[in-house]
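Data block below; observations after.
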Amino acid sequence: MKALRAAPNLLTFLRLCLVPFIVLVILQDHYAIAFGIFLLAGITDALDGYLARKLNQITVLGHYLDPVADKLMLSTLFLVLHYQGLISRAVTVLVFGRDLGILTVSAILFATMGIRSFPPSILGKINTLVQIIAVTTVLMGRFFNPLPISFLRTWSLRATVVFTVLSGFHYAWSVARRVGHISSQQEGSKS
């Protein structure tokens, strides 16, 4: 119960609570407000990590909840922006499919092998960054669209495709190696 009251976890819960509101304002074509909510979510994301370290409130709940909140926010935004005709089907399917696949594999590995830690790779971090840039520029492009924003939107969506695929394959390769290593250790201990 103490972990629920930790300030960083409360900020993460706030970020989760912002998801339906940002969806609602996008569906009502209020992109400047959606951008503001997305910016607020980004601030809470930066603050929760900072406060967890500064206040020594790093919790197991926060360790799992923070990346789930990030994935839920970004995947949901890709879906709703696709619904609004602002992001292509291909990009949306790749982003959503990768995130759903990672969550599913993580849950299966936890349930079957007890694997709890899934640290992000550098490719995963780059992927998240380009997704954030893509969502930011797509939202901004609806109310403020100078040429640099349009250019950045185009290239960040292309980079999203590249890094979604690369990080997805890297994740699959890493998991296969890890499972193989654990399996060989279990085989060796039985001998």
Side-chain angles (χ1 to χ4, degrees), residues 4 7-52 61-62 64-104 106-107 120 123-168 171:
L4 287 174
N9 292 344
L10 292 175
L11 286 170
T12 304
F13 280 118
L14 173 62
R15 191 160 73 254
L16 283 169
C17 292
L18 292 174
V19 173
F21 294 102
I22 196 167
V23 168
L24 183 62
V25 296
I26 288 172
L27 292 175
Q28 294 174 345
D29 296 326
H30 298 299
Y31 293 99
I33 296 171
F35 175 76
I37 295 171
F38 188 60
L39 188 61
L40 176 62
I43 292 168
T44 66
D45 191 20
L47 272 177
D48 68 11
Y50 172 76
L51 288 176
L61 176 64
Y64 290 106
L65 192 61
D66 185 61
V68 168
D70 294 342
K71 296 288 179 216
L72 181 64
M73 173 72 76
L74 286 170
S75 293
T76 301
L77 286 172
F78 272 87
L79 285 171
V80 74
L81 291 169
H82 167 68
Y83 177 80
Q84 293 293 91
L86 301 173
I87 294 180
S88 75
R89 178 181 298 145
V91 174
T92 303
V93 167
L94 284 173
V95 168
F96 194 77
R98 175 194 171 273
D99 289 349
L100 184 60
I102 287 174
L103 288 174
T104 302
S106 299
L123 289 173
K125 290 180 179 188
I126 293 170
N127 184 51
T128 300
L129 176 63
V130 296
Q131 286 182 12
I132 290 168
I133 293 168
V135 168
T136 300
T137 56
V138 167
L139 290 172
M140 283 182 74
R142 302 307 293 170
F143 64 91
F144 178 71
N145 197 21
L147 190 57
I149 296 295
S150 180
F151 178 79
L152 189 56
R153 179 180 61 239
T154 299
W155 283 99
S156 62
L157 287 168
R158 289 177 182 168
T160 295
V161 169
V162 170
F163 284 103
T164 296
V165 171
L166 288 176
S167 63
Y171 178 80

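What you see below is based on every heavy atom in this structure, not just the backbone, and it leaves out hydrogens, waters and symmetry mates.
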Measuring from atom OG1 of T164 to atom CG of L123, what distance do you get when rounded to the nearest 0.5 angstrom? 11.0 Å
Sequence neighbours left out, what passes side chain to side chain donor-acceptor pair (under 3.5 Å) with S75? Give chain and number order. D99
Listed by chain and number, what are the side chain to side chain contact (heavy atoms under 4.5 Å, CB included) partners of V161, not counting sequence neighbours? V91, L94
Results of ring-ring contact (aromatic ring centres under 6.0 Å, His included) for F96 - residues two or more places apart only: none
Just do the side-chain contact (heavy atoms from CB on, under 4.5 Å) check on T12 and L61 with the steps written out, would you? CA-CA 10 Å; T12 304; L61 176 64; over 6 Å; no
Contact between Y83 and L27 at the side-chain level, heavy atoms closer than 4.5 Å - yes or no? yes
What's the shortest heavy-atom distance between T160 and V130, and which atoms? OG1-O, 3.5 Å
What do the steps show when you test H82 against V93 for side-chain contact (heavy atoms from CB on, under 4.5 Å), and what is the final call? CA-CA 10 Å; H82 167 68; V93 167; over 6 Å; no
Would you indicate whether the side-chain heavy atoms of L79 and V23 approach each other to under 4.5 Å? no
Can you see which heavy atom on T92 is nearest to which on F78, and at what distance? OG1-O, 3.5 Å
Residues L65, F13; criterion side-chain contact (heavy atoms from CB on, under 4.5 Å); working and verdict: CA-CA 8 Å; L65 192 61; F13 280 118; 3.6 Å; yes
Test of understanding: with side chain to side chain donor-acceptor pair (under 3.5 Å), list the residues that count as partners of T44, not counting sequence neighbours. none
What pairs with F143 under ring-ring contact (aromatic ring centres under 6.0 Å, His included), at least two apart in sequence or on another chain? F35
Check: L14 and L10 side chains under 4.5 Å, non-hydrogen atoms: no
A side-chain contact here means heavy atoms from C-beta on lying under 4.5 Å apart; do I87 and L77 qualify? no
Applying side chain to side chain contact (heavy atoms under 4.5 Å, CB included), name anything that partners I37, two or more places apart in sequence or on another chain. L18, F21, I22, V25, I33
Rounded to the nearest 0.5 Å, what separation is found between the CD atom of Q131 and the CG atom of L157? 10.0 Å
When you measure from the side chain of T137 to the backbone N and O of A134, does any donor-acceptor pair fall under 3.5 Å? yes
Give every residue pair that meets the side-chain hydrogen bond (donor to acceptor under 3.5 Å, both in side chains) criterion with at least one member in residues 15-30, sequence neighbours excluded. R15-D45, R15-D48, R15-D66, R15-D70, D29-Y31, D29-Q84
Verdict with supporting geometry, L81 and L139, side-chain contact (heavy atoms from CB on, under 4.5 Å): CA-CA 9 Å; L81 291 169; L139 290 172; 4.0 Å; yes
Is there a side-chain contact between L74 and T128 in this structure, where contact means two heavy atoms from C-beta onward sitting under 4.5 Å apart? yes
Any residue meeting side chain to side chain donor-acceptor pair (under 3.5 Å) with S167, in chain and number order, not counting sequence neighbours: R98
Sequence neighbours left out, cut at 3.5 Å: what donor-acceptor pairs do the side chains of residues 145-152 make with other protein atoms?
{"from": "N145", "atom 1": "OD1", "to": "R153", "atom 2": "NH1", "distance (Å)": "3.4"}
{"from": "S150", "atom 1": "OG", "to": "R153", "atom 2": "NH2", "distance (Å)": "3.3"}

Between atom CZ of F163 and atom CD1 of I126, what is the distance when rounded to the nearest 0.5 Å? 5.0 Å
